[in-house]
Protein chains: 2
Amino acid sequence: MDVKTLCLGVLSMGDASGYEIKKVFEDSFSHFYVAGFGSIYPALAELTRLGHVTCSNIEQEKRPAKKVYHLTDAGLQAFRQTLSGTHPHHRVRSDFMVLVVFAHLLPPQRVEQILATRLEDIERQLKLIDHCVSENGQSAPGTAFAAGFARTVLLAGRDYIEAQRGELLKALREKS
Amino acid sequence: MDVKTLCLGVLSMGDASGYEIKKVFEDSFSHFYVAGFGSIYPALAELTRLGHVTCSNIEQEKRPAKKVYHLTDAGLQAFRQTLSGTHPHHRVRSDFMVLVVFAHLLPPQRVEQILATRLEDIERQLKLIDHCVSENGQSAPGTAFAAGFARTVLLAGRDYIEAQRGELLKALREKS
DNA sequence: CGCACCATGTAAGCAGTTACATGATTCG
DNA sequence: CGAATCATGTAACTGCTTACATGGTGCG
């Protein structure tokens, strides 16, 4: 699953500019996919070349002109095709977990800070999800399921850290 | 956090060959970091060049010779340094979530299969973690914390899918 | 007056994946 | 007898990140 495919997905929910697509990535997809301008703009150019999207230049007053992209039938078909052939991977790459595993090589104070930072990040993501859910009144059924899934998993992680942080720090302080 | 750093981490737990390091990645780290031979072998070569590890050729009977790597003091110091400067990111890249969000574009049967596959993957990872925990009697305190965290999060995800799958499929079938 | 937001792009570089290449041993 | 395990590596490719480049508007 690449950025091109995700852009098709965003555009299947309505026309948008590259800048607006980036915002959807940040606001709604950030808990399972991250992408910056450096990958989105080239992806949109390539999709235009392939005929999966069309592009209109929209002049604006008191604002820079923007390029609004629109999903074509061929694009929607290609998106469906890609979804059909995609295995439901779910990969985590967590520096947080690495830091925790090797916590005994760090000052306990630093470990405390790592846990606190992780909790803050979780809280931020929870707020993002709640905001999305309250804003998009009736969206696709999958969106609600995905939001609920993410919420549940984040809450479980938060509660675990809060419940076990004392134990971990005690063990680390005892060993040193 | 790159593969080089992770290799230093594995070697901080004891000498190992590239092949054995790969097994540690698969058995113990797979739920938060994935790496293949194509990144591990070049990483070890680079670490040797940097003096972070030393390498001994060990001939074996009825088995190919292997290169056993050993962490140097400089290597451990470099590892600690890297850990100190690493922000505890926790990024998820989930094709599963993408598929769920756009479930309304797929046949309900396929969605059912996606959820089932995800449940199988979770079950597999849970078994891996339980196996690691039971094998490594008394490891570092961070390892136990990390295993518990991963376990908790996986269980929460599994339970959510099991509780909500019926609702999702009902909604999808109603719309089509 | 400085920062954040709106808006689009390019180019260099890096990390990691995938495929290829080789070959003995052991187990079912 | 075929598949899995043990064992190491290279090379091409891909996909993404980061930094650069530009510039008007609105807010505190």
Side-chain angles (χ1 to χ4, degrees), chain A residues 1-8 10-11 15-27 29-30 32-50 53 55-69 82 86-87 89 91-95 98, chain B residues 1-8 10-11 15-27 29-30 32-50 53 55-69 82 86-87 89 91-95 98:
Chain A
M1 182 86 54
D2 54 21
V3 175
K4 278 200 312 233
T5 306
L6 262 286
C7 286
L8 292 178
V10 173
L11 291 172
D15 294 357
S17 66
Y19 193 86
E20 287 158 355
I21 289 173
K22 171 86 188 306
K23 277 201 294 188
V24 174
F25 272 78
E26 270 172 359
D27 297 344
F29 292 177
S30 65
F32 59 88
Y33 209 96
V34 175
F37 289 127
S39 50
I40 292 172
Y41 285 126
L44 290 169
E46 175 69 6
L47 288 171
T48 308
R49 205 186 58 73
L50 289 169
V53 302
C55 169
S56 337
N57 272 306
I58 308 288
E59 298 290 332
Q60 294 179 113
E61 273 169 37
K62 311 208 174 181
R63 233 154 250 232
K66 61 178 175 177
K67 293 186 172 179
V68 171
Y69 294 89
T82 304
T86 297
H87 185 91
H89 286 296
R91 79 182 64 156
V92 177
R93 165 150 303 186
S94 176
D95 289 0
V98 176
Chain B
M1 182 84 57
D2 54 19
V3 175
K4 275 198 315 232
T5 306
L6 262 287
C7 285
L8 292 179
V10 173
L11 291 173
D15 295 357
S17 66
Y19 193 85
E20 286 158 357
I21 289 172
K22 171 85 189 307
K23 276 202 294 188
V24 174
F25 273 76
E26 270 173 357
D27 296 345
F29 292 177
S30 64
F32 59 86
Y33 209 96
V34 176
F37 289 127
S39 50
I40 291 171
Y41 285 127
L44 289 169
E46 175 69 5
L47 289 171
T48 307
R49 204 186 61 72
L50 290 169
V53 302
C55 170
S56 339
N57 271 306
I58 307 287
E59 298 291 332
Q60 294 180 110
E61 273 169 37
K62 310 210 175 182
R63 234 153 248 236
K66 62 178 174 177
K67 292 185 174 181
V68 171
Y69 293 88
T82 305
T86 297
H87 186 89
H89 286 299
R91 79 184 64 157
V92 177
R93 165 149 302 185
S94 178
D95 290 359
V98 176

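Below, chains carry the letters A, B, ... as their sequence lines are ordered, and counting in each starts from 1.
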Student: DNA chain C: A:Gly38 or A:Arg63, which has the more 5' nearest nucleotide?
Tutor: A:Arg63

Student: Please determine, for the side chain of B:Pro64, which listed nucleotide (C:dT8, C:dG23, D:dT17) has the closest atom?
Tutor: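 Nucleotide nearest to B:Pro64's side chain: C:dG23.
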
Student: At under 4.0 Å between heavy atoms, what does B:Phe25 touch on the DNA or RNA strands: base, sugar-phosphate, or nothing?
Tutor: nothing

Student: What's the NZ-C1' distance between A:Lys4 and D:dC16, to the nearest Å?
Tutor: 13 Å

Student: Nearest to the side chain of B:Glu20 - D:dA7, C:dT17, D:dT17?
Tutor: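 In terms of side-chain proximity for B:Glu20, the closest of D:dA7, C:dT17, D:dT17 is D:dA7.
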
Student: Rounded to the nearest Å, what distance is computed from the CZ atom of residue B:Phe37 to the P atom of nucleotide D:dT10?
Tutor: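 Nearest whole value for this atom pair: 14 Å.
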
Student: Measure the distance from CG on B:Asp95 to C1' on C:dT17 and round it to the nearest whole Å.
Tutor: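 Computing the B:Asp95:CG to C:dT17:C1' distance gives 15 Å.
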
Student: Round to a whole Å and report the spacing from CD1 of A:Ile58 to P of C:dC6.
Tutor: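 In whole Å, C:dC6 P and A:Ile58 CD1 are 18 Å from each other.
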
Student: Between B:Lys67 and A:Asp2, which residue's closest nucleotide on DNA chain D lies nearer the 5′ terminus?
Tutor: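 Result of the comparison: B:Lys67.
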
Student: For a side-chain contact (heavy atoms from CB on, under 4.5 Å) check, start with the C-alpha distance between B:Val3 and B:Cys7, then their side-chain angles and the critical distance, and finish with the verdict.
Tutor: CA-CA 6 Å; B:Val3 175; B:Cys7 285; 4.1 Å; yes

Student: Is it true that A:Lys23 and A:Glu20 make a salt bridge, defined as a side-chain N closer than 4.0 Å to a carboxylate O?
Tutor: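 The answer is no: the pair does not qualify as a salt bridge.
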
Student: Could you tell me whether B:Gln60 atom CD has more than 12 heavy atoms of other residues or ligands within 6.0 Å of it?
Tutor: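 Atom CD in B:Gln60 is packed in, count exceeds 12.
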
Student: Looking at D:dT5, C:dT26, D:dT25, which one has an atom nearest to any side-chain atom of A:Lys62?
Tutor: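 Nearest listed nucleotide: D:dT25.
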
Student: Can you tell me which nucleotide in C:dT8, C:dG16, D:dC16 comes closest to the side chain of A:Lys66?
Tutor: C:dT8

Student: Tell me which nucleotide among D:dT17, C:dG9, C:dC6 gets nearest to the side chain of A:Val34.
Tutor: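 For the A:Val34 side chain, the nearest candidate turns out to be D:dT17.
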
Student: Any side-chain N or O of A:Gln60 less than 4.0 Å from the OP1 or OP2 oxygen of C:dC6?
Tutor: no

Student: Measure CD1/B:Ile40 against P/D:dT10 and give the value in whole Å, please.
Tutor: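 B:Ile40 atom CD1 is separated from D:dT10 atom P by 14 Å.
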
Student: Using a cut-off of less than 4.0 Å, is there contact between a side-chain N or O of B:Tyr33 and OP1 or OP2 of C:dA15?
Tutor: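 Checking C:dA15 against B:Tyr33, no side-chain N or O comes under 4.0 Å of OP1 or OP2.
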
Student: Can you identify which nucleotide, out of D:dG9, C:dT8, D:dC16, has its nearest atom closest to the A:Ser39 side chain?
Tutor: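 Closest nucleotide to the A:Ser39 side chain: D:dC16.
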
Student: Take atom CE of B:Met1 and atom P of C:dA15, then tell me their distance rounded to the nearest Å.
Tutor: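 From B:Met1 CE to C:dA15 P: 14 Å.
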
Student: How do B:Ala65 and B:Arg91 order along DNA chain D: which one's closest nucleotide is nearer the 5' end?
Tutor: B:Ala65

Student: Should the pair A:Phe29 and A:Phe32 be assigned to parallel (<30°), tilted (30 to 60°) or perpendicular (>60°) ring geometry?
Tutor: tilted

Student: State whether the side chain of B:Tyr33 and the backbone N or O of B:Met1 hold a donor-acceptor pair below 3.5 Å, judged by distance alone.
Tutor: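 Side chain of B:Tyr33 to backbone of B:Met1: a pair is present.
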
Student: What is the separation between atom CG on A:Leu44 and atom C1' on C:dT8, rounded to the nearest whole Å?
Tutor: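 Those two atoms, CG and C1', are 11 Å apart.
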
Student: In whole angstroms, how far is the C1' atom of D:dT17 from the OH atom of A:Tyr41?
Tutor: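 Going from OH in A:Tyr41 over to C1' in D:dT17 covers 16 Å.
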
Student: State which of C:dA7, D:dC16, D:dT8 makes the closest approach to the side chain of B:Ser17.
Tutor: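 Of all the options, the side chain of B:Ser17 is nearest to D:dT8.
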
